[in-house]
Structure formats: structure tokens, C-alpha cells
Amino acid sequence: MNIKKNYNFKKNNKIIYNKWIKKKYFNSYYNKKKKSFYLLLPPPNITGDLHIGHILNYTILDILARKYKMLGYNVCWIPGTDHASIATEIKIIKLLKNKGININNLSKKKIYKIFLKWSNKYKKIIISQLKNIGCSCDWNREQFTMDKNNYKSVINIFIKLYKKGMIYKKKKIVNWDIYAKTTISDEEIIYKKKKNYLYYIKYFTEDKKNYLIITTTRPETIFGDIAVCINPTDKRYIKIINNNNKKLIIPIVNRLIPIIMDKSIDKEFGTGCVKITPAHSYEDFNIYKKNKYKLKNIINIFNKDGTLNKNCMFLKGKDIFYARKKICKILNKLGFLIKKKKIFSNIAFSDRTNTIIENRLSNQWFLKMNKFIKPTLKKIKNIKIYPINKYNNLFLKWINNIKDWNISRQLNWGHKIPIFYYKKNKIVANNFKKVIKIIKNKYKKKKINLNLIKQDNNVLDTWFSSWILPISVLNGINKPNNIDFNYFFPINILVTGHDILFFWVLRMIMFSIFFIKKIPFKKIYFTGIVRDNFKKKISKSLGNYKNLYFLLNKYGADVLRIGILNINNEYDFIFDEKMLIKGRNFINKIWNAFNLIINNKVKKNKKKNNNKIIIKWFNNILNYKIYKLNNYLNNYKFHKSYILIYKLFKKNFCSIYLEYFKKKNNNNFKKKTLHYFYILLKILHPYIPFITEYINNILNKKFKLNNKDIIISKWPKNKKLKFNKKIINKFNNTFLLIKYLKKIKFIKKKNNIYIKKKYKKKIKKIIYIKLINELSFIKKIKFKKKIKNNYILFFYKKIKFFILKKNIIILNEKNNIYNKILFYNKYLLKIKKKIKNKKFLLLAPKKIIKLEKKKKKDIKKKLLLLKKKYFNY
RNA sequence: GGGUGAUUAGCUCAGUGGUUUAGAGCAUUUGUUUUACAAGCAAAAGGUCACUAGUUCAAAUCUAGUAUCACCCA
């Protein structure tokens, strides 16, 4: 059979994937007789194509899905995409801007159309990429967070929470992008460390006899001051405060403001006196809320575009930076400005427009979170977290510190808040028709002016649709306790990056426990985060990654999958294309092993059973390794499990078993080999599904085997695996000795080795002599009573053997031995010191003391032998 | 500013208190094409395990501090 040198993934992967789909291997139905296994694909945002971070996450999910399918479970893996309101809107605004279009000038219908077009395009791309990677999702259950069912679910939940009184509207400081003239979410803010100035300004008391020096980075906001605040434990200013002069005069503005106290003020920052402008600072607003009764109304000083408004006297209409310069000049002239000091502080920038963010008061919708805390704390312990214990404390901290959730966003793309206004009435309803009904009933009118009904123009935070996903994708919200839901729920294990622990994972837990009193998933597996060469997180919004199609075309899906498993994915790691090479080489190795098995011709050997030893060994080692593999996988140690398979295949199977097979091939041996290869393909399949299935197809055809498709074959369970560790150890000894023998430089190719006769029994217990004869250059091992001087002594571990002097190349050998003697001498001293230490003998466990003493003995023996050998040359 | 994690070979990473010189892969150097695989095989070289202190008979491994980097939150 003519087979090309490499596996052709470009041609074959698609064929194989389509075959799986045709045979409906990915489909999941309600089936009482089978155990269910429910997985959810964390829906990627439709903001672009997938990147290597997704591959890590989805490969792990696919390994689980495929393994559990092979174990006989009814696997239901639901895929989907997320509308990602903010992130998508950013992308679209940029897209329109490049075309010279301002989104604010478009009608709502047009905007919606643009979004639909975009989302359809990227849904297609993402799903094709998921298929290209090999994800075994049930495509009949594909979801989109904005499709009909999910939309309904989201609105349903909003209304239920609203009716419970858990959703309210309130004025809150929001982040205002003065360039885009909209609010933006916290998620869109980037903090940059920038050089800034801290200004020291005099504020005189009412009687003008005293003054406080306040410190601020924003002198232009003095028009909005309504108080000056000091830490109550700060004793420096007691005199001034107690002097019946509790009011200060704002310079230039000449308005009186009170002095208040608050613990949140940092005494060390500047002078410890801070001016309070609640309309433009989150911290100030909090202080304002606490001291509301003492203070007058908040003064807003900014227009929507960030220029100063009519409250700012002569600076009306000017921008912030101009105003800051101007006001400093005047303060300086009048003697109010004492000094300015260089500092570095975190300044908020908009990710969208890269301009400075202003804080601004606005009306927002909130969800009360306090009712979620108790039930969550009760049940969260039932969720197991992997890697074990890594994030447990973090969860508890988050739950205990949770604040009310701002769920409204001022955007176009998202689930519209189902609140309608009619003549100062608030009406909550699922849709427009219901609103009309409600109004008609209330006012007992037959006709209403529809133009008077207006829907709230906010949309819901993206995560509001995400936190119900485990339930909503099984339609468990619109149709509670439907058959599918009862059968599959909860998710068996959630796999996701630890960076969305708070945003997504915790909220899903809280929602599910609060709403249906069940945990949404039994287990969570957190992956590390993939970083780029500059150690930054790889993300769609940064765009700091290579196109996935590029990598898929260059390496193929199988290589990508194992390439990323070469690294312990429990921690964050840097992705480098180079790390795929190890994977590529491994795939090549598998391909060529297959090549050998298929093409190696049966040799005419007289002996039929010449393969007994190697088969005995491989049977043992294979079962032992699979046993270990199962243990790793049961504890979700994906990296370790992969490394184990890698070594098993490359070292045990290729380097030893196949080398042997190549020489001694016969019919029996070939049958056995095909059998082992099939098992290896099985355990490799979850990691590299395409090539394993392809090879299996060809083997089936060529040898007319009746092996099942790998994807539905039976995974080897631990109960059925038999192995003997003593036998494995004996083989290991043998192979190590062979390796050692290979290092000796012989003149001729075939030599005899001589061992003293009295050790014959001992040696037969430790190693398989026959194997040494067959697998090394050694012609034969011979036992002799006496060994003369013309032999050179070698020893490996406890085995002493001799080789004829004239058959060996002696070059630097003597030097090497000398170095070894030096090394062991030093080592011996170390151990001697240790053993002489009384504390060590007293406190160390007996086992260790024994071990050390044994070491001492062994090394002494070794030294003796080395010295003998040294003089022998 | 608060929290979490990382720092081991030129690079990307394994290694959780004692296992006879801390391991892979890539890169480097040397040898090796009638050989399933040169994307192979065989070998060499390359490490005060970030730094400082502590706990311990014993520390890359545990604790604390410092430095650097990253992530999450504000």
C-alpha cells in the first residue's frame, strides 16, 4: 500500500467529521436506559473568530465528551454563541466609523439589520471553526443568546425578578465616554498609569481667619463642590473645625460648603482634606449618600460632550483640559494655589475611543443581590472545583462582598428591558401586545394612542442572558421541568477560564440555586489563561492572536489540540507557535507507526513463539499505563494524562515494541500488534480524534477487521485491566541495561558479555536475559567461573559483567571514570556527614535513615568497582 | 489601591520535603540515510531552581518579606 509520508489533514478531516455527523454520533436524545452526561460550550462572543484560548477550553471539553461517549454515557454537549452586546457594538461602531457613518444618525431598524447581518456572519465562522477543531457538539441543539427561546427566557426572568421587587431604578454614577457621548460599562475601561499633578488649594473658613489646604487632581471641578471631607481620626484640623467655623468658602466660586467626616478618606493622601463633587466621582458620590442630610443638592458641571456647563461661570463651554489650565492660573494669581506635585495615578480610559472617562450621574436599573447570598452559601459546597482547592476561597469572598448588579446598558444590541411607559405609568410586560391589553384593561378604553407607549431604551447586560444558560439552553425556563431538562440537568462539569469566575460562573450558581433550588453544575474545571508573547491575555478585543484558520491550515486540528496540552493548563501560559512542533512530530510518529504496521511484510520465522516475551511485557505495561491514565482523567489532570500517552506511544510502543516487531514479524505477532494498536488509537482518540479515526478506517478496510468506529468504541475501564508491577519492573531493568550497553563503544558489532557463574540465579531474577540478546548488539551473555585480566569490568546498578578488552574502544574512558570517582567521593562525604549527625538519627524517619545508610554502602561498593576498573585500563 | 497566581536550561514548560549529578520538547553542537519516521535515531553541551530571611535533621518544594510579570476587582 502506498502511503504518503504525512497525514493529510486538509483532505481527510472534513470527510471524517461529516461521517460522524451523518452517522449521528453527536446527537443526544432522552434515553432512560443510558446515563446522561451534559456539557455546555461556553458560548464565544460573535465579535470575531476563535483563538487559541478557545481551543484549550474546547479541546478539554471535547476530550471529556468523547471519553464519556466511549464509556457509554448519553453525552449532550450544547454549543452556542453569545451576542456580547457591548463588545459587538464596539466592533460595529468601528466598522461604521471606517465607512464614515455615525451610528447615532441611523434608524433603529437599520441598526438592528446591521447587527443581524454581522451576527449571522460570525456565527457561521465560529461554528465552522468549532467543527474544524473537532468538537463533538450536538448541533441540533445549537443556541444563540439572542434567538427566540433565549430572548423569551431572559425577559421571563427579568419580569419574575421585577415582580418580586428585586429590580429597581436608581441614580448612579456611570462611566461617561465624552467622545462617543454614551455611558460605557466597567468592562470597557482600561486603567493606565499616567503622570498627573496633585494640586494644593486654600479654602478659607467663613470668617476668613483660617484655612484648610485641600488636595485634588481635578481643580476644574471646584464649581461642583458641595463639601470638604476629612477622616474623623485625623487630629490635625481639629482646631479649625471646632472653632464654630464649620463652613468653608470655595475660592473663585465664593459659595459656602460644610466640612464633613468620613472614614474612607486616606489621611496620607495629600493633606488629608478632600473636596467632594459627587456628580463626578464614584467615591465622592458614596460619601454624599452617607451624609445626604447635611448636604445640599448635587451640582452637575459637565455637558454630554465633556465641556463645562452653565454652572461654571466664565468657563462655560470650555473643555476640561483648557478649564484646568485656566483655573490654575487664576487660583495662582489670587494666591489660592499653594503648589502642585507630580504623581502617578491610574486614570480610566475608554477601551472604545481611547479617551479619558468622566464620571456622570444617570438613571440605571439594578438587581438586588442580597437574597442570593444565603441560599448560595448553603449549596455551593456541593460543587467540586478543579484544580482542587485553587479557587474555593475566592468564591466565598466574592459572594460575601457582592453588590447590587447594574443590569442596564445604554446600547442598541441586546435584550430590551421589558418596561413600558404610558402616561407616567410603568408597565412590565413580555411584549407590546400584552402592554396594550394591560392598558386597555386598566383604563377601560377600546382605543389607545400607541405613540404614547414607549419602551425603556436600555438593554440588559450581556451577562444577564449568560447566567441563566445552563437552564435556558434546555428550555427549562419557558417550559420548566421538560423531559430533556429533567434528564440532563445539571451540567456534569463546567469548563471555563478563571477570568470569568465572577462574571459568569458565580452568577450562574447564584441564579440556579435561587431560582430552581439546584446547583447548575456538579463540577467546575478552571483552565489557565493563554497569553501572547508579551505576556498579555489573548482576547478578541485586543486582537493579539493569529488567525485560527492560519494555524489550522498549517498544522491541522489534531496538532493544535495536543500542542496546547503539552503545557499544564491549570496555570496561565504563554502561547508560542513553536510549542505545536512537538505535537506535529508526535502526529507524524503515529502516522509512521501506522505505516510500518501496514507495510511490514511477514517474515518466515521458524520459531512461532519468538514474540512471547515482548507481548507479555507490552500487555503489562499497556494495562498499567491505561490504569494510570484513567486515574489522571478522573481527577481532570489533562496535561499529565496526555504526557503519559505521549511517552507510552513514543517510547514503549515505537522504540521498543515496534522495533522488535519489525524484526520478528509473523502472522500471530501481526494480529496482536493490530490489537494493541487499536487500543492505543482508542485512548488517543479523545485527544486527536481525526487521525485516529482515519487510521482505524484504513486498518478496517485493509485487514477486513470488524473494529467499531473509534468514536463509539469501548473505553478500557480500570476494572478490566490486569498487570503485574513486578514483571514491569523486571522489564524496566532489562531495558535500562540495554540502554547502558548501547553506550559502550565496541570495535566489532557482535560481542559476548561475561558474568560470573555464581550470579546466574540472581541475574535471572532481575532481568530478562533473552531480551538483551535480542535487542542489543550483544551476541550472547555467557556465564563463566573465572574471569581473567584481559577483560574489563562494567557494572550497571547491581549487575557486574565483563567484556574482552580488545573489543572496546578506550578513549576518554579513563578520564570519565576518574571524574566519576571524584564525584562519588564528594557524594560519600555528604552522606557520611548526614549519618554522623545525631539530630538526623534522632528525628528523621527510620525509612530515610535506612535509605541513607544503603546509599552509603552502595556508593562505597561503586567506588571500589570504579577504582578497580580504573587500574584495569 | 484590594485580591489571586506566576518566577526552574537560550525559548516554552514538567517536577509539592529525602529516590545515588533537578527533567521534557524546541533551538545549539557531534555522529548517523538501501532502515516506518531526518518532523527520525544516537549522543554532547547548557541550571548558585528570582532575591533575602525563617521553619526543619533535610527546602526548587513549606512560611514571611522584597523585586518583576500577569489576571480579576475598584
Side-chain angles (χ1 to χ4, degrees), chain A residues 3 5-7 186-187 189 191 266 268-269 282-283 286 345-346 348 390-391 393-394 397-398 401 403 497-503 526 528-537 539 555 559 563-564 566-600 639-640 643 646-647 650-651 654-655 658-659 661-663 739 742-743 745 797 819-820 822-824 826-828 830-831 833-845 847-852 854-862:
Chain A
I3 287 179
K5 267 192 172 181
N6 310 89
Y7 170 63
D186 294 346
E187 292 88 342
I189 292 181
Y191 289 90
D266 181 3
E268 309 293 323
F269 182 78
Y282 186 77
E283 290 80 17
N286 279 339
S345 58
N346 278 332
K390 217 178 155 195
Y391 297 98
N393 293 332
L394 217 56
K397 259 179 199 171
W398 277 120
N401 289 326
K403 288 173 194 163
H498 65 76
D499 53 336
I500 49 174
L501 185 151
F502 171 72
F503 282 136
F526 284 113
I529 285 166
V530 185
R531 303 197 218 153
D532 67 5
N533 279 331
F534 303 100
K535 298 191 175 180
K536 290 267 186 251
K537 174 178 155 183
S539 73
Y555 298 99
V559 172
I564 217 154
N566 268 317
I567 281 167
N568 185 355
N569 44 275
E570 292 176 5
Y571 299 101
D572 297 357
F573 63 89
I574 295 166
F575 173 74
D576 192 333
E577 205 185 310
K578 275 183 196 166
M579 69 201 243
L580 299 178
I581 286 169
K582 192 177 175 182
R584 186 197 61 180
N585 293 354
F586 185 44
I587 295 285
N588 194 40
K589 195 80 184 166
I590 294 170
W591 183 252
N592 280 299
F594 159 67
N595 219 340
L596 168 70
I597 291 170
I598 226 174
N599 284 329
N600 199 268
H639 162 71
K640 278 188 177 173
I643 296 296
Y646 174 82
K647 283 183 181 167
K650 204 172 169 184
K651 304 223 157 148
C654 290
S655 299
L658 285 186
E659 286 298 325
F661 168 75
K662 202 161 72 180
K663 289 173 195 161
K739 211 179 172 187
K742 277 184 182 172
K743 283 188 187 180
K745 287 175 182 171
K797 293 207 168 176
N819 286 335
K820 267 187 187 174
L822 284 182
F823 167 77
Y824 281 116
K826 267 187 190 173
Y827 201 88
L828 190 63
K830 246 189 191 178
I831 293 176
K833 252 190 187 177
K834 218 179 195 180
I835 291 176
K836 271 184 188 173
N837 191 342
K838 279 177 190 173
K839 274 187 180 175
F840 172 74
L841 291 172
L842 252 171
L843 293 168
K847 263 189 188 177
I848 303 296
I849 296 174
K850 260 191 182 177
L851 231 161
E852 291 293 320
K854 212 183 174 189
K855 263 191 212 172
K856 191 184 153 192
K857 264 189 187 173
D858 287 349
I859 289 170
K860 269 188 173 176
K861 270 187 189 173
K862 236 180 198 182

### Nearest-angstrom distance, C1' atom, rU68(B) to rU29(B)
33 Å

### Task
Kindly check if the number of other-residue, nucleotide or ligand heavy atoms within 6.0 Å of NZ (Lys855(A)) is above 12?
yes

### Message
With the six-membered base ring of rU4(B) as reference, does the ring of Tyr391(A) sit under 5.5 Å away with planes under 30° apart?
### Response
no

### Query
Closest to the Tyr571(A) side chain: rG18(B), rA14(B), rC26(B)?
rA14(B)

### Nucleotide nearest Ile567(A) (side chain, heavy atoms from C-beta), chosen from rU21(B), rC37(B), rU12(B)
rU12(B)

#### Entry: Residue-phosphate contact under 4.0 Å: Lys582(A) side-chain N/O, rC26(B) OP1/OP2
no

### Query
When you compare rA59(B) with rU48(B), how far apart are their C1' atoms, in angstrom units rounded to a whole number?
15 Å

### Query
Contact class for Tyr282(A) vs. all strands (heavy atom < 4.0 Å): base, sugar-phosphate, or nothing?
sugar-phosphate

### Query
How far does the P atom of rU30(B) sit from the matching atom of rA70(B), given to the nearest Å?
39 Å

### Message
Under 4.0 Å from OP1 or OP2 of rC41(B): is there any side-chain N or O of Lys589(A) that close?
### Response
yes

### Task
Considering only atom P, compute the distance from rG54(B) to rU28(B) and round it to an integer number of Å.
44 Å

### Message
Using atom P in both nucleotides, what's the gap between rA42(B) and rC26(B) to the nearest angstrom?
### Response
12 Å

### Task
Answer with base, sugar-phosphate or nothing: what part of the nucleic acid does Lys647(A) contact at a heavy-atom distance below 4.0 Å?
nothing

### Query
Partner of rC71(B) by Watson-Crick or G-U wobble geometry, both contacts under 3.5 Å, or none?
rG3(B)

### Task
Could you please name the partner base of rU32(B), counting Watson-Crick and G-U wobble pairs only when both distances are under 3.5 Å?
rG40(B)

### Message
Which label fits Tyr391(A) and His498(A): parallel for a plane angle under 30°, tilted from 30 to 60°, or perpendicular past 60°?
### Response
parallel

### Task
Using the C1' atoms only, state how far rU33(B) lies from rA38(B), rounded to an integer number of Å.
8 Å

### Task
For rU66(B), measure the glycosidic angle (O4'-C1'-N9-C4 for a purine, O4'-C1'-N1-C2 for a pyrimidine) and name it syn if it falls within 90° of 0, otherwise anti.
anti

### Message
Applying a 4.0 Å non-hydrogen cut-off, can you work out what Ile848(A) is touching in the nucleic acid: base, sugar-phosphate, or nothing?
### Response
base

## Note on the structure
Testing rA36(B), rG18(B), rC73(B) for proximity to the side chain of Lys662(A), the answer is rA36(B)

#### Entry: Assigned partner base of rU21(B), Watson-Crick or wobble definition, under 3.5 Å
none

### Task
Respond yes when some side-chain nitrogen or oxygen of Asn585(A) is under 4.0 Å from OP1 or OP2 of rC26(B), and no when none is.
yes

### Message
Please confirm whether the shortest side-chain N or O distance from Lys397(A) to OP1 or OP2 of rU4(B) is below 4.0 Å.
### Response
yes

### Query
Can you tell me how far P of rG5(B) sits from CG of Leu501(A), to the nearest Å?
12 Å

Shorter than 3.5 Å, N or O on both sides, protein versus nucleotides 54-64 of chain B: list them out with atom names.
residue	atom	partner	partner atom	Å
rC57(B)	O2'	Asn837(A)	ND2	3.3

### Atom-pair distance (CZ on Phe573(A); P on rC26(B)), nearest Å
19 Å

### Query
For rA9(B), what is the paired nucleotide under Watson-Crick or G-U wobble rules, both distances under 3.5 Å?
none

### Minimum-distance nucleotide to Arg531(A) side chain [options: rU12(B), rG5(B), rU20(B)]
rG5(B)

### Query
So how far is it from Phe586(A) CZ to Leu580(A) CG, rounded to the nearest 0.5 Å?
15.0 Å

### Query
Using purine N1 to pyrimidine N3 plus N6-O4 or O6-N4 for Watson-Crick, or N1-O2 and O6-N3 for G-U wobble, each under 3.5 Å, what pairs with rU56(B)?
none

### Task
Report the base-pairing partner of rA45(B) (Watson-Crick or G-U wobble, both distances below 3.5 angstrom), or none.
none

### Message
Is the terminal nitrogen or CZ of Lys582(A) (NZ for Lys, CZ for Arg) located under 6.0 angstrom from the six-membered ring centre of Tyr646(A) and within 45° of that ring's axis?
### Response
yes

### Task
With heavy atoms under 4.0 Å as the rule, sort Phe586(A) into base, sugar-phosphate or nothing.
nothing

#### Entry: 5′-ward residue of the pair Leu658(A)/Asp499(A) relative to RNA chain B
Leu658(A)

### Task
Might you work through the side chain to side chain contact (heavy atoms under 4.5 Å, CB included) test for Glu852(A) and Lys834(A), ending with a clear yes or no?
CA-CA 8 Å; Glu852(A) 291 293 320; Lys834(A) 218 179 195 180; 3.5 Å; yes

### Query
Contact class for Leu394(A) vs. all strands (heavy atom < 4.0 Å): base, sugar-phosphate, or nothing?
sugar-phosphate

### Message
On a heavy-atom basis, which atom in Tyr555(A) and which in Glu577(A) lie closest, and how many Å separate them?
### Response
OH-OE2, 2.7 Å

### Query
Has Lys537(A) got a side-chain N or O lying under 4.0 Å from the OP1 or OP2 atom of rC72(B)?
yes

### Base partner of rU66(B), which must satisfy Watson-Crick or wobble distances under 3.5 Å
rA50(B)

### Query
Has the side chain of Arg584(A) got a donor or acceptor that lies under 3.5 Å from a partner of the other kind on the base of rA39(B)?
yes

### Task
Write down the distance separating the P atoms in rU61(B) and rA6(B), rounded off to the nearest Å.
13 Å

### Query
Which base, if any, makes a Watson-Crick or G-U wobble pair with rU61(B), both distances under 3.5 Å?
none

### Message
If the cut-off is 4.0 Å, is Lys536(A) near the phosphate of rA70(B), judged by side-chain N/O to OP1 or OP2?
### Response
yes

### Query
Taking the same atom, C1', in rC51(B) and in rU21(B), what whole-Å distance lies between them?
25 Å

